[in-house]
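What you see is a predicted model, and the numbers here were worked out from it, not measured in a lab. All heavy atoms count here, side chains included; hydrogens, waters and symmetry mates do not. Ligands are counted one by one from 1 in listed order, and the atoms in each one are counted from 1 as well.
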Amino acid sequence: MARFPLAPGSTIGVLGGGQLGRMLALAAARLGFDVAILTPEVQSCAVRVAARAIIANYDDPVALESLARAADVVTFEFENVPAVVVEQLTAFGAQVAPGARALAVAQDRVDEKTFLNGCGAPTVDFQAVDSVADILAGLDRLGAPALLKTRREGYDGRGQTWVESHADAAAAYERIGVVPAILEARAAFRRELSVIAARGRDGEVVAYPPGENHHENGVLRRTRAPAQVTAALLAQIETIAARILTSLDYVGVMGVELFELEDGRLLVNEFAPRVHNTGHWTLDGCEVDQFEQHIRAIAGWPLGPTTPLAFVEMENLLGPEAHDWLALAGEAEARVWLYGKGDARPGRKMGHVNRLRPLKG
Ligand code: AMP
């Protein structure tokens with residue numbers, strides 16, 4: 001059994017081989033840890049910066065056993081880790097952080113919203129959907145248009161469609177594949193904000209200043225942080241983040257997406273039980289970035305300061321935009337992060353750039 005705090009030289013296991021795994025591995029290496037990545041992808045961008053790789057499917061019991069043996073703590077870089085995988089890792093003696101509960105809640109939009117409202121983190125009104133009749137009943141209660149999302153496995157705007165009217169209900173259900181779903185009331189938001197927060201093994205919670213997010217075609221385009229918020233709004237955001245992390249007995253970094261409504265109210269859209277794209281600005285904008293913070297939390301180290309050092313505009317480099325690396329590297333105020341992915345398919349997250357401006361005194 002691992003003893004916390006983990007000493008340098010310990011091994012951190014990561015499920016998933018994408019850019020979040022890569023940046024976790026870089027942060028872990030800086031603190032003296034080795035990283036073992038489990039991923040089914042042979043060409044994984046995280047594996048190329050890790051001490052060890054296990055190339056296998058996530059549900060391969062032999063691979064899970066060898067990861068559990070190699071790692072003093074296991075974490076993940078995506079939230080759709082099947083519950084059975086965490087059970088097996090635990091059965092093989094691994095410590096998994098964040099835990100099974102956070103994963104289970106985050107994987108199902110109905111469970112997630114039910115949990116959030118229960119812990120004092122308000123969301124839009126919603127209706128669980130298993131039939132066209134449920135959509136019609138939901139429209140009666142929530143009004144139209146309303147947003148129909150698959151309960152599970154939607155991301156970057158996939159698996160969701162607007163239901164414009166009662167007449168559109170059956171077609172909308174077809175559009176998302178006639179699967180268990182949720183119908184959400186439309187949030188009339190002024191801004192989309194997010195907060196990256198962390199909870200340590202001792203229960204301490206810290207939060208970074210919130211960021212303001214802009215999406216294009218359902219994908220994050222840019223985050224500006226720290227966002228301009230009143231002291232009252234900031235306090236509300238920090239309270240919501242602390243309620244979520246504490247209620248889940250969470251260990252690690254979490255991204256919480258928020259809507260600031262036209263009428264000033266704040267609603268939680270969803271949370272991701274992992275490091276988050278809207279927290280990439282912390283890599284160059286904060287004393288301790290979200291990746292190091294996550295490693296500190298799961299290793300049982302003290303959490304680091306979340307103090308901002310600069311205003312950052314983080315812009316994702318999607319597909320061929322990453323080909324501009326040379327020009328970006330020549331911008332004095334830009335910090336370029338490239339994920340080492342080969343194929344710059346349109347829309348693929350290839351890297352990001354953080355453009356820094358001094359904080360006014
Ligand atoms: P999600 O997959 O839940 O993160 O949703 C993707 C994006 O769709 C969000 O960032 C919002 O821009 C928009 N969105 C999600 N839910 C709602 C809602 N209930 N009302 C209005 N817009 C929404």
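Assignment of Ala185 to the shell around ligand 1 is supported, since a heavy atom sits closer than 4.0 Å. Ligand 1 lies out of reach of Phe126, whose nearest heavy atom is not under 4.0 Å from it.
Looking at Glu184, Arg186, Gln160, Glu257 and measuring to atom 7 (C) of ligand 1, the nearest heavy atom belongs to Gln160. With atom 17 (C) of ligand 1 as the reference point, the heavy atom nearest to it among Thr123, Ile182, Leu147, Val219 is part of Leu147.
Side-chain atoms of Gln19 and Lys341 include a donor-acceptor pair closer than 3.5 Å. Trp337 and Asp284 share a donor-acceptor pair across their side chains, judged by distance under 3.5 Å alone.
In summary, the atoms of ligand 1 found under 4.0 Å from a heavy atom of His215, numbered by their order in the structure, are 10 (O). Near Glu192, meaning under 4.0 Å from one of its heavy atoms, ligand 1 places the atoms 9 (C), 10 (O), 11 (C), 12 (O). Shown in contact with Phe189 at under 4.0 Å from a heavy atom are these atoms of ligand 1, numbered in order with element: 12 (O), 21 (C), 22 (N).
Each salt bridge (charged side-chain N to carboxylate O under 4.0 Å, His left out) pair with one or both residues in residues 297-318, not counting sequence neighbours, appears once here: Arg221-Glu315, Arg222-Glu313, Arg222-Glu315, Arg224-Glu313, Glu315-Arg355.
Contact annotation for Arg109 and ligand 1: only side-chain heavy atoms (C-beta onward) come within less than 4.0 Å of the ligand. Contacts between Asn269 and ligand 1, counted as non-hydrogen atom pairs separated by less than 4.0 Å, involve the side chain only.
Atom CZ of Arg190 is surrounded by more than 12 heavy atoms from other residues, nucleotides or ligands within 6.0 Å.
Each of Leu283, Asp289, Val49, Val275 was compared with Met23 under the side chain to side chain contact (heavy atoms under 4.5 Å, CB included) criterion, and only Leu283 meets it. Among Arg201, Arg199, Arg101, the single residue meeting the salt bridge (charged side-chain N to carboxylate O under 4.0 Å, His left out) criterion with Asp249 is Arg199.
For His276 and Tyr208, the ring centers sit 6.0 Å or farther from each other.
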